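Only a predicted model underlies this, so the values are computations on that prediction, with no experimental measurement involved. One-based numbering along the sequence shown.
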Amino acid sequence: VITRGNNVYGKYQYTDKVIPKFITAILNGKKMTIHGDGKHVRNFIHVDDTVAAIELILCKGKPKMIYNVGSKDEMKVIDIAAILLKFMKSNFSIEDCIVYVKDRCFNDCRYSLVTSALEGLGWKQMVSFEEGLQRTIDWYTTHPNYWKNKSI
């Protein structure tokens, strides 16, 4: 069985990924760095939904099948920044809290997954994007130094 997923987010995630990177920037009073124009679209899934999907695939998946693990939560990177800012510092404007940098030459415009095979096993997304973001914000807020002295 093969699983494919992308853009999993949640607690303990290393801060070089977009959601924890933006959260920690806001917490530290820094600007969020956006590659290119911020219009690249990504599909995000909370770690709890990812774990539930993989567990279901292990128990009910069919041999030689490929299961895409994703959600319907597709959005632009700039929108992620705006949502996080609204949740964390609603009195700030997005224009004052972001800085655009040169896009990476290998940056795809959109990542998307068709999850019908996984849904055919009975899987459903349980954590809404807003709930997942709030859980993630809460974790990084209560663990501000988790990644400070760790090496990967």
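Taken to the nearest 0.5 Å, the NZ atom of Lys72 stands 9.5 Å off from the CG atom of Leu113. A distance of 6.0 Å separates CZ in Phe87 from CD in Gln134, rounded to the nearest 0.5 Å. How far CG of Leu121 is from CG of Leu56: 5.0 Å, rounded to the nearest 0.5 Å. The distance from atom OG1 of Thr142 to atom CD1 of Ile137, rounded to the nearest 0.5 Å, is 12.0 Å. One distance of note links OG of Ser116 with CH2 of Trp123; it measures 12.0 Å at 0.5 Å rounding. The CE atom of Met32 sits 10.0 Å away from atom OH of Tyr100, with the distance rounded to the nearest 0.5 Å.
You'll find the side chain of Val18 reaches within 4.5 Å of the side chain of Phe44, heavy atoms only. Taking the side chain as every heavy atom from C-beta outward, Lys21 and Asp16 never approach each other to under 4.5 Å. The shortest side-chain heavy-atom distance between Ile83 and Phe129 falls under the 4.5 Å cut-off. Counting only heavy atoms from C-beta outward, the side chains of Ile2 and Met65 never approach each other to under 4.5 Å. The shortest distance between side-chain heavy atoms of His46 and Arg135 falls below 4.5 Å. Within the 4.5 Å cutoff, the side chain of Ile45 has no heavy atoms near those of the Asp73 side chain. Annotation: side chain of Arg4 is not in contact with side chain of Tyr67 (no heavy-atom distance under 4.5 Å).
For the pair Asp37 (side chain) and Lys39 (backbone), a donor-acceptor distance under 3.5 Å is present. Remark: the backbone N or O of Met126 is paired with a side-chain donor or acceptor of Asp49 at under 3.5 angstrom. The backbone N or O of Val8 sits less than 3.5 Å from a side-chain atom of Gln13, completing a donor-acceptor pair.
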Checklist entry - Would Tyr12 and Trp139 count as a ring pair (Phe, Tyr, Trp, His ring centres under 6.0 Å) if you check the C-alpha gap in whole Å, the side-chain angles of each, and the deciding distance to 0.1 Å? => result CA-CA 8 Å; Tyr12 295 102; Trp139 188 85; 4.8 Å; yes
Item to check | Chi angles and distances behind the side chain to side chain contact (heavy atoms under 4.5 Å, CB included) call for Ile78, Ile98 | outcome: CA-CA 9 Å; Ile78 188 71; Ile98 59 173; 3.5 Å; yes
Next on the checklist: Please determine whether ring pair (Phe, Tyr, Trp, His ring centres under 6.0 Å) holds for the pair Phe22 and Tyr140, giving the CA-CA distance in whole Å, both sets of side-chain angles, and the decisive distance to 0.1 Å.
Outcome noted: CA-CA 11 Å; Phe22 285 177; Tyr140 282 92; over 10 Å; no
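Heavy-atom minimum distance, Asn7 versus Asn43: CB-O, 2.9 Å. Of all heavy-atom pairs between Lys31 and Ala25, the closest is O-CB, 3.8 Å. The nearest pair of heavy atoms linking Val1 to Lys62 is CG2-O, 3.4 Å. In this structure, Ile19 and Leu84 approach most closely via the heavy-atom pair O-CD1, 4.1 Å. Of all non-hydrogen atoms in Pro20 and Tyr14, the two that sit nearest each other are CG-O, 3.4 Å. Among all heavy-atom pairs drawn from Val69 and Leu118, the shortest one is CA-CD2, 4.0 Å.
Leu133 and Val51 are assigned to two separate hydrophobic clusters, defined by single-linkage of ILVMFWY side chains at heavy-atom distances under 4.5 Å. One hydrophobic cluster holds both Ile94 and Met88 under the rule that ILVMFWY side chains link at heavy-atom gaps under 4.5 Å.
Counting heavy-atom neighbours within 6.0 Å of Glu55 CD, excluding the residue itself, gives a total of 12 or less.
With hydrogens and angles left out, the side-chain atoms of Ser93 and Asp96 include a donor and acceptor closer than 3.5 Å.
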